[in-house]
Structure formats: structure tokens, C-alpha cells
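Please read all numbers here as calculations on a predicted model, not as lab measurements. We number each residue from 1, following the sequence as shown.
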Amino acid sequence: MIVGVVLLGYGIYTMIMPETQISIGDLDLIEAQDNTNAYITIGLGLVALLFSFVGAKKA
């Protein structure tokens, strides 16, 4: 369960925080963000949480 919560939190953090940003003065020119890894991390976190709940019900 702890692994699922950590993965979920890290995935949400990487999705929210911008990776690359180029700015000149007050003008933001380019803001590139690839959220593919964030989606994978969130998915793995949800799967880990699901397995922890299913495993707890069987025990």
C-alpha cells in the first residue's frame, strides 16, 4: 500500500511541475512537458493500491 501511495504521489507531482521552460523577461516562450512517464507512474500506483486492497481481503 505504501508503494502505491508513493507512486501515485510522485506521478501527480511530475504531472503538475513543468519540466522545461524558456522565458525572456516576462514573456514565456516555450513550455515543454512530457506527461507520458507521469501517466505510467500514476497507473502503477493505482494498480499497486488495487492489489493491496485485494490481497488484504483474501487474508
Assigning hydrophobic clusters by single linkage (Ile, Leu, Val, Met, Phe, Trp, Tyr; side-chain heavy-atom cutoff under 4.5 Å), is Ile12 placed with Val3?
no
(request) State yes or no: do Ile16 and Ile40 share one hydrophobic cluster built from I, L, V, M, F, W and Y residues joined by side-chain heavy-atom distances below 4.5 Å, directly or via other members? (result) no
Per side-chain contact (heavy atoms from CB on, under 4.5 Å), Leu7 is matched among Leu49, Val47, Leu44 by Leu44
What one should report as the nearest heavy-atom pair of Asn37 and Thr41 is O-OG1, 2.7 Å
Do Met1 and Leu46 belong together in a cluster built from hydrophobic side chains that touch within less than 4.5 Å? yes
Minimal heavy-atom distance between Gly11 and Ala38, with the atoms involved, is O-CB, 3.5 Å
Residues Ala48 and Gly4: closest non-hydrogen pair is CB-CA, 3.7 Å
